Amino acid sequence: MNYLTKNAPPTREDRLGACCAFGGSACELLDKSKSNCLGTNGRAFAQSTGCQMMLSLAIAGTIPESVIVFHGPVGCGSCLLSSPGISKQNQLARGNADTLGQVWFSTNLSEQEVVNGGETKLEATILEVDRRFRPQAIFVAGTCVPAVIGDDIDSVASNLKDQVMAKILPMHCAGFKTKIIATAYDVVYHAILRYLMTEEEEYTKPLFENNITLLENRLKIFEYEERRKRTINLLNVASMSRVDETELVRLLNALDLEVNIMPCFSPPDSFIKAKDAAVSVSICATHDDYFVEHLKELYGVPYILNTIPIGIDNTRKWLLDIADFFNIRETALLLIKGEERDLKAALAPIRKNLEKKTAFVCAGEIRAGSTAILLENDLGMEIVGVRAYHYDKFGDVLFDTLPRKESMPINVASSQPFEQVNMLKRIKPDVYLGHAGGNVWAAKCGIPVLPIFGPSNSYLGYKGTFELATRLERLLQNPTYYKTLAQTASQPYHESWYEQDAFTYIRED
Ligand code: SF4
């Protein structure tokens, strides 16, 4: 796979045949996926869905010392108005105290530019941003309007290359081009690989120096090589808290491994280090497969991408995959044995209160699958429904280990709250775990809600499993708030919709 000669990456529909609409059982989903019969699919009726431009900010918006320029009408990117506070909190948690903060500009395209083109405005905006902020990088988010009128943002970037200090990174993220918004991750990585990790940028390895002895020189280079051979690119995601990063670093350090955390919250100049690591380790294939494949092909850095360290089983698999790469399985097994023993003892009293409670999980395919497995296997709960934003081959590893109950529906849908509310009204789970944007729909049904990730909470590794269990136990002790909310809040759907099948409008290819 090498798409870097092109200006933009292919969509996930084209590259992976990713599915955005499905309703049925886990067996049906897996059979279709494994036999390559799961189509991209669609809907005869759909509510609004996400835009890949917004998700591209999930990485680009975290990069310190960078500025984002939205090339489009002023409404595109207005979602960032709500995030400077949380962004600052996330940067501070990682010790990035002196960063620019979240700075973004819009080229504010109007009818005039739709007719005459918007490249001049983009050029002027980039020059002004560079003059005012002197950032290391400027991400240019190309939205729907320039994609339709044919503005060439790559040429603008290349023409300005010698006039600005910053690296300019064009991102082709027009929302209308894909229904699989995870395409956004490929868009950002594409820009990073093409414009930040370029050949002329060489990571400074220790070189022979004149002011120290030959022996000291050799020792320095030897130490560097030894460290490099044990260094992991740990690929984080923006929804990962600092506490989660610390937990994974704790486990990897316990195996005597060093960690280079990226891409989120990493300054632009740190990306070049990734070429030099022994291996890249992802916690989410949905997020990283495009990047790690290119890193392997271009710079020979192998990767591990199988699972996410959520819950006991998947944390064990994640650690053992890494240990096998470094040939240290026995050491890892010892670590895992001790961690699992302590965690199971701590979970025992909580498990008693959660056993047999029913749960509905909604998230990206990897997070949804792994959290469902955690709830069933570690806490004895019963999963009564799973919703994934999209589905592709990377989900098979996790969904294969889900309980294969015909009665447990799997829904593939990005947004589409009408399908979700219909399902929840029938299933009536004891608890719902989902993303901030979708949680309100469950809460209005009277179902207690636990966010499936949070900027300051712990979810990953052994610590995450324990903390998730404690939060669930506390939530289920008193669901009064949600019961009261359901009595006063209304849903926007006719009663007749709840009599129909939730998947009525899904159309298979
Ligand atoms: S769908 Fe297009 S116009 Fe709408 S926010 Fe996304 S990029 Fe902007």
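Order of appearance sets the numbers: ligands from 1, and atoms from 1 within every ligand. One-based numbering along the sequence shown. This is a predicted model, so every value here is computed, not measured.
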- Pi-cation contact, Tyr459 with Arg367 (under 6.0 Å, within 45°): yes
- Item | Side-chain H-bond candidate by donor/acceptor type, His294 with Tyr3, under 3.5 Å | no
- Could you find the nearest protein heavy atom to atom 6 (Fe) of ligand 1 and give me its residue, atom name and distance? Cys51 SG, 2.3 Å
- Message: Quick check against the 3.5 Å criterion: does Trp318 have a side-chain atom that pairs as donor or acceptor with the backbone of Ser282?
- Response: yes
- Task: Establish whether atom 4 (Fe) of ligand 1 and some protein heavy atom are separated by less than 4.0 angstrom.
- Result: no
- Task: Could you check atom 2 (Fe) of ligand 1 against the protein and tell me its nearest heavy-atom contact, residue, atom and distance included?
- Result: Cys144 SG, 2.3 Å
- Flag, side chain of Arg194 to backbone of Ala8, donor-acceptor distance under 3.5 Å: no
- Note on the structure: Note: ligand 1 atoms sitting under 4.0 Å from heavy atoms of Thr143 are 7 (S)
- Message: Can you classify the ring geometry of Tyr493 versus Tyr498 as parallel (below 30°), tilted (30 to 60°) or perpendicular (above 60°)?
- Response: perpendicular
- Do Thr49 and Gln416 get their side chains close enough for a donor-acceptor pair, meaning under 3.5 Å? no
- Note on the structure: ligand 1 atoms nearer than 4.0 angstrom to some heavy atom of Gly175 are 1 (S), 2 (Fe), 7 (S)
- Is there an N/O/S atom in Cys76 at a distance below 2.8 Å from atom 8 (Fe) of ligand 1? yes
- Message: At a threshold of 2.8 Å, where the distance has to be below it, does atom 6 (Fe) of ligand 1 have an N, O or S atom of Cys173 nearby?
- Response: no
